[in-house]
Amino acid sequence: MSLIRYIILFIISFLLFISCATKDASLRNLDDVHKAESSLVRYNENEDIILSIVDAAQNGSRDVRSEALWVLAKLQAQVAYSDFVKLSVEDPDFNVRALALYGVGSVRGKSVDAIDSVRRAINDTNLQVQIEALKVAGILNEPRLLNSILESLSSKNKWVRITAVEALKDYKDNRVDRSLKLLLSTDSDLAVKSAIKQVLEYREKNINN
């Protein structure tokens, strides 16, 4: 009887040890994420370390999620692709959503889900998220996003309009030049006008030839 109890206690202790070890391996704070990032340099982007950062992006506090996404985006970590897409529209924190969008752009995500997430983010209630989504739309140069960018030209916020103008730079569609010229004639903001002129000049040299 005592042997059985000993075995049971041993098993319980072992399971508790494994449980604690697993918890200790998680990245609980910003310092943990920074240490993991530093370890990636030493261990040549170790997959286990990258996965621990992905876990932090999924389950950490707001600050930890933000920092983890920033690290993953800089790494252009394809393993985090689905998390970039999901968090860009589902995370309750606007900064996390914006950084997830940055991640979508960093991996050049063009799946149906990725395009849909960028399109939805362009209409986000937060201006920072809108602006980041428009930047990503410009990077992707994806025709499926063109209508959403053109609609953003009528935003009440000048920084959204400027970012939308810049996002249109490489799109090969006749509507782009017509829309930019119309905005140039109607927008009263000098910064917006300046951005339009620069983009039109760029397009004349590089796109419309």
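Each residue takes its place number in the sequence, starting with 1. Owing to the predicted nature of the structure, the values given are computational and were not obtained by experimental measurement.
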Inter-residue atom distance [X].[atom1] - [Y].[atom2], 0.5 Å rounding:
X	Y	atom1	atom2	value
Ser179	Leu168	OG	CG	7.5 Å
Glu67	Ile53	CD	CD1	9.5 Å
Ser61	Asp93	OG	CG	10.0 Å

Using a strict 4.0 Å threshold on nitrogen-to-oxygen distance, state whether [X] and [Y] make a salt bridge.
X	Y	value
Asp177	Arg203	yes
Asp187	Arg161	yes
Glu201	Lys197	no

Joint hydrophobic cluster, [X] plus [Y], side-chain heavy atoms closer than 4.5 Å:
X	Y	result
Trp70	Val96	yes
Leu75	Ile139	no
Val89	Val129	no

Query raised in the report: What's the shortest heavy-atom distance between Leu101 and Ala121, and which atoms?
Result: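 Between these two residues, the closest heavy atoms are CD1-CB, 3.5 Å.
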Find out whether [X] and [Y] are in side-chain contact, i.e. whether some heavy atom of one side chain is under 4.5 Å from a heavy atom of the other.
X	Y	value
Trp159	Leu127	no
Leu72	Phe84	yes
Ile162	Glu166	yes

Requested in this report: Inspect the surroundings of CG in Asn174 and state if more than 12 heavy atoms from other residues, nucleotides or ligands are less than 6.0 Å away.
Outcome: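 Atom CG in Asn174 is not crowded, with 12 or fewer foreign heavy atoms closer than 6.0 Å.
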**Report entry** Arg175 atom CZ: more than 12 heavy-atom contacts under 6.0 Å
**Finding:**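 Yes, CZ of Arg175 has more than 12 neighbouring heavy atoms, counting only those of other groups under 6.0 Å.
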Requested in this report: Test Asp91 against every option in Arg65, Lys86, Arg97 by the side-chain hydrogen bond (donor to acceptor under 3.5 Å, both in side chains) rule and name the one that passes.
Outcome: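 Among Arg65, Lys86, Arg97, the one meeting side-chain hydrogen bond (donor to acceptor under 3.5 Å, both in side chains) with Asp91 is Arg65.
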Query raised in the report: For residues Asn95 and Gln128, is any side-chain donor paired with an opposing acceptor at under 3.5 Å?
Result: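 Indeed, the side chains of Asn95 and Gln128 share at least one donor-acceptor pair under 3.5 Å.
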Report task. Decide yes or no on side-chain hydrogen bond (donor to acceptor under 3.5 Å, both in side chains) for Gln58 and Asp83, but give the supporting numbers first. Result -> CA-CA 7 Å; Gln58 296 170 341; Asp83 295 294; 2.8 Å; yes
